[in-house]
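Here the structure is laid out as structure tokens; the discussion comes afterwards.
Computed from a predicted model, the values in this text were never measured in an experiment. Throughout, numbering of the chain's residues begins at 1 and tracks the sequence.
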Amino acid sequence: MPAMGKLIGSGRTADVYEIDDAWVLRRNREDWGDAAAEGAVMEHVRAYGYPVPRVRIRPGDSAASRTDLVMERLTGPTMVEALTAGAIDAREAGTVLAALLRRLHTIPGRRPGTRVLHLDLHPENVLLTPAGPHVIDWGTAEDGDPGLDWGLSAIILAQVAVDDLPIAGPAREVLAALLADPADLTQAGLAEARRRRAANPTMTAHEVELLGTAEELIRSLASPREP
């Protein structure tokens with residue numbers, strides 16, 4: 001196990017610790033997720049040129065840890081931080097998210113006939129580095145149909161957009177830009193995205209209550225196609 005330094009970040013399911021200037025340790029809480037599987041999918045998409053942090057396994061480290069993942073330490077704000085600081089506008093943010101989804105869905109999954117899906121691609125999971133945007137937090141990734149990925153990105157943004165929060169307005173603008181050309185947003189994908197968000201144990205009761213209004217907003221901005 002690599003030596004941990006100071007805590008430098010926390011999310012709903014994991015904490016990130018400094019190792020040195022080049023690497024960080026992301027540790028899942030309460031056996032949440034599978035760090036080894038997450039590292040494998042990150043290396044899979046990186047082999048196709050997709051912008052993700054490198055994953056490192058050192059001699060003596062476990063190659064199959066469910067909790068610990070050593071990753072490249074990237075510099076730059078999250079897309080949310082850049083939006084708040086005015087370093088990027090909402091339209092550009094939505095356009096970048098759409099481009100990242102489309103680029104990801106060119107990568108074949110490990111099962112025949114599928115594509116790699118991130119299933120949590122939103123502004124908090126995009127780092128704007130000097131080398132360009134990089135996507136983090138791959139713990140929910142799986143192989144499947146791109147319509148589900150588009151549905152989840154849309155409904156995550158829409159939940160924020162319909163909430164009573166200072167960032168609701170920008171979130172709506174990001175969502176509108178994301179859905180400007182939603183070729184892969186499908187009826188089935190949106191329905192499954194809503195079901196998964198409702199069943200997500202990290203959701204609060206309030207967030208679950210917003211799902212109906214969030215779906216209405218999405219449908220007012222775009223018409224999901226039939227599968």
Side-chain angles (χ1 to χ4, degrees), residues 11-14 32-34 37-46 48 50-52 79 93-126 133-162 171-172 174-204 207-227:
R12 295 193 188 204
T13 62
W32 180 272
D34 185 338
E38 183 174 354
V41 75
M42 290 170 69
E43 287 297 280
H44 175 70
V45 299
R46 197 170 76 85
Y48 284 86
Y50 197 77
V52 296
M79 186 177 280
T95 300
V96 169
L97 286 176
L100 287 168
L101 282 169
R102 291 191 180 94
R103 183 175 175 185
L104 177 61
H105 299 154
T106 66
I107 300 173
R110 276 73 57 87
R111 292 188 292 110
T114 64
R115 297 292 170 176
V116 177
L117 313 180
H118 185 279
L119 303 182
D120 198 25
L121 211 168
H122 56 77
E124 288 185 339
N125 284 339
V126 178
H134 281 61
V135 179
I136 59 172
D137 285 359
W138 290 79
T140 56
E142 62 184 57
D143 296 343
D145 184 88
L148 176 58
D149 223 0
W150 279 86
L152 274 162
S153 289
I155 208 155
I156 290 168
L157 281 167
Q159 280 178 282
V160 179
V162 299
R172 184 186 179 108
V174 175
L175 177 65
L178 174 73
L179 297 178
D181 183 20
D184 289 313
L185 180 66
T186 63
Q187 298 282 358
L190 183 55
E192 176 63 7
R194 178 174 173 177
R195 186 196 70 76
R196 291 195 183 200
R197 288 294 281 178
N200 188 328
T202 71
M203 292 287 96
T204 66
E207 287 171 322
V208 173
E209 289 173 358
L210 294 173
L211 285 169
T213 309
E215 183 176 351
E216 290 174 6
L217 174 59
I218 292 167
R219 292 183 180 279
S220 75
L221 294 170
S223 298
R225 65 176 176 80
E226 295 294 336

Item to check | Worked check of side-chain contact (heavy atoms from CB on, under 4.5 Å) between Asp143 and Leu117 | outcome: CA-CA 6 Å; Asp143 296 343; Leu117 313 180; over 6 Å; no
How long is the gap from [atom1] on [X] to [atom2] on [Y], to the nearest 0.5 Å?
X	Y	atom1	atom2	answer
Met42	Asp137	CE	CG	8.5 Å
Met79	His122	CE	NE2	11.5 Å
Leu185	Ile155	CG	CD1	10.0 Å
Leu148	Arg195	CG	CZ	9.0 Å
Asn200	Leu152	CG	CG	9.5 Å
His105	Arg115	NE2	CZ	10.0 Å

[Y] side chain reached by [X] side chain, heavy atoms, under 4.5 Å:
X	Y	result
Arg196	Leu119	yes
Leu97	Ser153	no
His134	Val52	no
Arg172	Leu157	no
Leu178	Leu101	yes
Pro51	Leu100	yes

Are any of the side-chain nitrogens in [X] or [Y] under 4.0 Å away from the carboxylate oxygens of its partner?
X	Y	value
Glu209	Arg197	no
Arg46	Glu43	yes
Arg102	Asp184	no

Checklist entry - So does Glu142 have more than 12 non-hydrogen atoms from other groups sitting under 6.0 Å from CD? => result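 For Glu142, atom CD is crowded (more than 12 foreign heavy atoms under 6.0 Å).
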Checklist entry - Using a distance-only test with no angle check, is there a side-chain donor-acceptor pair under 3.5 angstrom linking Gln187 and Arg225? => result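 There is no such pair between these side chains.
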Taking every non-hydrogen atom, the tightest pair across [X] and [Y]:
X	Y	result
Trp138	Glu38	N-OE2, 2.9 Å
Leu175	Ala154	CD1-O, 3.5 Å
Val135	Leu121	CG1-CG, 4.3 Å
Ala193	Gly151	CB-C, 3.4 Å
Thr114	Arg110	OG1-N, 4.3 Å
Thr186	Pro224	C-CB, 3.6 Å

Next on the checklist: If we ignore hydrogens and angles and just use 3.5 Å, is the side chain of Asp120 paired with the main-chain N or O of Gly139 as donor and acceptor?
Outcome noted: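 Side chain of Asp120 to backbone of Gly139: no pair is present.
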